[in-house]
Novice: 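Would you mind keeping the following structure in view while I ask a few things?
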Protein chains: 2
Amino acid sequence: MRMTNRPVSIQDIAKVAGVSHSTVSRALRDSPLISLEVRQRIQRLAQEMGYTPNQVAQSLKERRTNTVGVVITSISDPFLARVVLGIEEVAQAAGIQVLLSISDNDPQREIQLIDSFHRRRVDGVISSTARIDETHLRRLVKMGIPTVLINQAVPGDAPLVRAVQVDDYASAMQAVRYLLSLGHRAIGYLGAGNRPRSNWLRLSGYRDALRMAGVSANESWIRVAPAEHRYYAEDVADGQAMLEALLPTGITAVFCYNDTVAVGALLACHQLGIAVPEQLSIVGFDDVELAQYVTPPLTTVHQPKLRLGRRAMEMLLELVEEKPVQNEVLPTDLVVRRSTAPAPKTAPAMERRPREER
Amino acid sequence: MRMTNRPVSIQDIAKVAGVSHSTVSRALRDSPLISLEVRQRIQRLAQEMGYTPNQVAQSLKERRTNTVGVVITSISDPFLARVVLGIEEVAQAAGIQVLLSISDNDPQREIQLIDSFHRRRVDGVISSTARIDETHLRRLVKMGIPTVLINQAVPGDAPLVRAVQVDDYASAMQAVRYLLSLGHRAIGYLGAGNRPRSNWLRLSGYRDALRMAGVSANESWIRVAPAEHRYYAEDVADGQAMLEALLPTGITAVFCYNDTVAVGALLACHQLGIAVPEQLSIVGFDDVELAQYVTPPLTTVHQPKLRLGRRAMEMLLELVEEKPVQNEVLPTDLVVRRSTAPAPKTAPAMERRPREER
DNA sequence: TGCGGGGGTGCAAACATGTGCATTATAGCG
DNA sequence: CGCTATAATGCACATGTTTGCACCCCCGCA
C-alpha cells in the first residue's frame, strides 16, 4: 500500500531497519562483516518490502551495464533470426541483456545506433549488418567498445574487434562443384548487390570453380540485384526477375546468393512452367527453415546459424573479460535435397511450356 | 591519445575548460544562463574531446531509462518478427531502446525476464508471449510498470495494462464461412495447444460457424497439438502429423491455427499425393510472407502485424506519459489465394494415390 | 560612495549503490 | 584496571548528471 510509486531503495529499508544504508547494502550481498542476525533480519525485510536492486545505479558504480548492442539489417531475414537466437541464448545464461536494433541497411541509421549504444554504455557490440564500413568500425574502436562481427571482414589494426565467419568462397566453390559433378556446364549465378562482401566472395567461388573445371566464363550467366535494394523481402522478387532474365542464356542450373533468392527463382520456374529439377537445378545458401518446405525442397549450403550467434556472444564475453580471443571460421555443409538433378541431355531449359491449368 | 580508456565525462571537460562541471552541463544543454562565449567554447571542446553523455547517469537522475522490455516466445516465428519490426520502428523514432527477450514459452524464464526488466528499470513492457499468466501480470502491476499486451487477454482490474488485439473469434468465423460458401461441409481444424487463448477463440469461431450453418459438429474433425510443444519449429511437424491423422475422417477442407501449421498440412499433402486444392482446401492464419511462396500460395487470414507492433509501442508511450489510453482491436482480412477451391463433387479426399516419382 | 540588481558561475544535493576507512563497543588478557 | 585486538557498524566518497540556490562581481543610479 505504498503511496508513492517509487521503487523501494536500500535507503528505505535502512530507515525501517534503523541502520545505515551501507549496512543494508552489505547485508543484502551477504557480507560476513554484518552479524548474522542483522543480515537475516534485513534480508527478510527486503523481501517483504518488495525490494529490487536498481541496476542502473549499480551500472553507474561498477562501470559495467551487462548489456550488449546487437545490430542487424533485418529481423525478417530467417538467417539473422537464428543468429539472434543463438546470441540471446548465451546472453541470457550469462545474465546480460541484448539491445536489439535494426538498421535496414541504412548507413545513416547505423551510425545513430552505434552512438546510441555508446551513450548507453553497452559492454560490447555484435554486428551482423551486411556492409558496415570502415568508418563505423573506427568509431567503435575509438570508443574502445569490444566488438564481434558476424560474416564480415575484420580490419587488421583493431585490437578489440574480432569476427566469426563462414568460408563463403570455399562454400560457394563446393556448391558449384557439386553442380558440375552432375554434368552441368551452363551454370548461372544470382547475386545480391546489397551484401557486397559476401556476394563478392560467393561469386568468386563460383567463378573459380567454373574456371578450374575448364568451363569458359560467360558473364551473361551472372546477375546481381542492385545494391540499392534495402529490404529483405525484396530478395524474393529479385530472384524471380533475375531468373527470368537469365533463362534465354541457356543455363541448366543456378547457384543463388541465398535461399530467399533461390525461392524467388523457384517461384519464377513455377510460373513459367519450368520443371525443377528436371529442366533446371537450383542451389541456395544458408539452409533456412523455409528451404525444406518449398517444393521441391532446396539443395543448399548449410550455415551453422545458431553456432554463429552463440560463438559471437561467447567471444564477446571473453573480449570483455580481457581474455585473448582468436577469430574463428565455422564449417558449412552442402545439404542435398531435391532441387538438383543431373543435367538434362537435351538442349537447355529454354522451351517454355505453359503450365497446366488447375 | 588518452591513456585511460574511461570515456570522457563533463568533469574532464570542466577541468580542461577551467570551469565547474555544472557550467559544462548547462553549456552542453544550451542553457541561456551561461554566456554565449563560454557556451560555444565548451561545446567545441566537448566535440574535440569526443564526449558522449552517459545515459546511465542521466537515467539514474531522471528516473527514466528510455528503454522498454519486449518479451516474445520465439524470434523464428515470422508473425512475431513482423510485430517486433513494428515495435522497433516506433521505438527508434522516439529514441527509446528495445530490450528483446525470448521466453521459449517457458513460464519459469518469463518470470526471470520480468524481474530482469524491473531491475533494469525499463519504462514499460510489451508482451507478445502466448500464455502469460495472471501471476506475471500481477507482478508487473505491483511494480507499477506500464504494460501493453499483444493478442492477449487484458485483466479488468489492472490500471496500467492495455492490449492491442485482433478479433480471433470473428476472423476464424469468417474463414470457415468462406469454406462453407465454397460448398465444403466436412471441415477440419488443426490447432496449437501451446497458445491456449487464441487457439480456443479460433476454435470457437470455427465451431460456431459450422453450427450456424447447420453442420452437425464432429469432434473427430478437430485436432490440437499438445500444449507441451514449446518451439515454433514444431508447428510444421505438428501440422503434418495432425493432417495425416485427420484424413480418414473424410474432410474436404481444413482451417489451421496459423500459416506454419498450414504449411505442415500442405507438406503432408505433397507427400501423400493429395492434390491441393482439388482434393483438399487449406486455410491458414496470420498471412506471413511464407504463405505467398509455397505452392499453391495459401489462402489465409491477414493480421496487420506491423500495425500491431506499432500501435503497441505507441500505446505504451502514451501510457508512460500518463495519458489516457484505450484497448484496441485491429481489423483482419481474409486473403484468398490458391489453396482453396470448391468442394469436390466426389467423395472426400481419402483415396491416396502414390505420388509420381521424379 | 554606497547600494541594488542582474548576469554569470560555483556549490551542493539528489538519484541508488558499493566500499575503504574510521569509529564504537566489547571482550580478553596482562 | 587499563590496554589492545576484534567484531560490528556508520561515515563519507565515488560513479556522472541535473538543477535550485547562493554567491560574486560589476554596473548604474541615487
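In what follows, every heavy atom counts, from backbone to side chain, and hydrogens, waters and symmetry copies are set aside.
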Novice: Kindly say whether, by distance alone, the side chain of Arg26(B) makes a donor-acceptor pair under 3.5 Å with the base of dG10(C)?
Specialist: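 Side chain to base: pair present.
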Novice: Quick one: is Arg121(A) getting a side-chain N or O under 4.0 Å of the dT15(D) phosphate, OP1 or OP2?
Specialist: no
Novice: What is the distance, rounded to the nearest whole Å, between atom CZ of Arg6(B) and atom C1' of dA14(D)?
Specialist: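 Rounding to the nearest Å, CZ of Arg6(B) and C1' of dA14(D) are 11 Å apart.
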Novice: Indicate, with a heavy-atom threshold strictly under 4.0 Å, whether Ser22(A) touches base, sugar-phosphate, or nothing.
Specialist: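 The residue Ser22(A) makes base contact.
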Novice: Tell me: CG of Leu33(A) to P of dT23(C), nearest whole Å?
Specialist: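 Rounding to the nearest Å, CG of Leu33(A) and P of dT23(C) are 18 Å apart.
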Novice: With a cut-off of less than 4.0 Å, is there a side-chain N or O of Ser35(A) near OP1 or OP2 of dT9(D)?
Specialist: yes
Novice: Going by atom types only, do Arg109(B) and Gln92(A) share a side-chain donor-acceptor pair under 3.5 Å?
Specialist: yes
Novice: Distance check: side-chain N/O of Gln58(A) vs OP1/OP2 of dA16(C), anything under 4.0 Å?
Specialist: no
Novice: Of the nucleotides dT9(D), dT17(D), dG16(D), which has the atom closest to the Arg63(A) side chain?
Specialist: dG16(D)
Novice: Strictly by modelled atom types, are Asp30(B) and Gln43(B) linked by a side-chain donor-acceptor pair under 3.5 Å?
Specialist: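 Side chains of Asp30(B) and Gln43(B): pair found under 3.5 Å.
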Novice: Specify the separation, in whole Å, of atom CD1 of Ile42(A) and atom C1' of dT17(C).
Specialist: 15 Å
Novice: Does the side chain of Ser103(B) pick up a donor-acceptor pair with the side chain of Glu110(B) at under 3.5 Å?
Specialist: yes
Novice: Nearest-Å distance, CD (Gln40(A)) to P (dA8(D))?
Specialist: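 Atom CD in Gln40(A) sits about 13 Å away from atom P in dA8(D).
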Novice: Could you tell me whether the side chain of Thr147(A) and the main chain of Val161(A) form a donor-acceptor pair under 3.5 Å?
Specialist: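 Not at all, since once roles are kept as given, no pair shorter than 3.5 Å links the two residues.
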Novice: Spell out yes or no: do the side chain of Lys61(B) and the base of dT18(D) have one donor N/O and one acceptor N/O closer than 3.5 Å?
Specialist: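 Donor-acceptor pair under 3.5 Å: yes.
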Novice: Rounded to the nearest Å, what distance is computed from the CG atom of residue Leu28(A) to the P atom of nucleotide dT17(C)?
Specialist: 9 Å
Novice: Pairing donors with acceptors under 3.5 angstrom, does anything connect the side chains of Ser22(B) and Ser25(B)?
Specialist: no
Novice: How many Å lie between CG on Asp30(A) and P on dG18(C), as a whole number?
Specialist: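 Taking atom P of dG18(C) as the reference, CG of Asp30(A) is at 13 Å.
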Novice: Within this structure, what is the CG-to-P distance between Leu60(A) and dT19(C), rounded to whole angstrom?
Specialist: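 It is 14 Å, rounded to the nearest whole Å.
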Novice: Considering heavy-atom distances to DNA chain C, does Gly18(B) or Arg29(A) have its closest nucleotide positioned more toward the 5' end?
Specialist: Gly18(B)
Novice: Using whole Å, what does the distance between atom C1' of nucleotide dT9(D) and atom NE2 of His21(A) come to?
Specialist: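 Taking atom C1' of dT9(D) as the reference, NE2 of His21(A) is at 12 Å.
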Novice: May I ask you to evaluate whether Thr23(B) reaches the phosphate of dG10(C), defined as a side-chain N or O under 4.0 Å from OP1 or OP2?
Specialist: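 For dG10(C), OP1 or OP2 has a side-chain N or O of Thr23(B) closer than 4.0 Å.
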Novice: Regarding Ser25(B), tell me which of base, sugar-phosphate or nothing describes its non-hydrogen contacts under 4.0 Å with the strands shown.
Specialist: base
Novice: So what does Gln11(A) touch, heavy atoms closer than 4.0 Å: a base, only the sugar-phosphate, or nothing?
Specialist: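 The residue Gln11(A) makes no contact with any strand.
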Novice: Regarding Val56(A), tell me which of base, sugar-phosphate or nothing describes its non-hydrogen contacts under 4.0 Å with the strands shown.
Specialist: nothing
Novice: Base, sugar-phosphate or nothing for Val38(A)? Non-hydrogen atoms, less than 4.0 Å.
Specialist: sugar-phosphate
Novice: Under 3.5 Å, is there a donor-acceptor pair linking the side chains of Ser127(A) and Thr129(A)?
Specialist: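 The criterion, which ignores hydrogens and geometry beyond distance, is not satisfied for Thr129(A) and Ser127(A).
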Novice: Quick one: on DNA chain D, does Leu36(A) or Ala57(A) contact a more 5' nucleotide (nearest heavy atom)?
Specialist: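 In this pair, the answer is Leu36(A).
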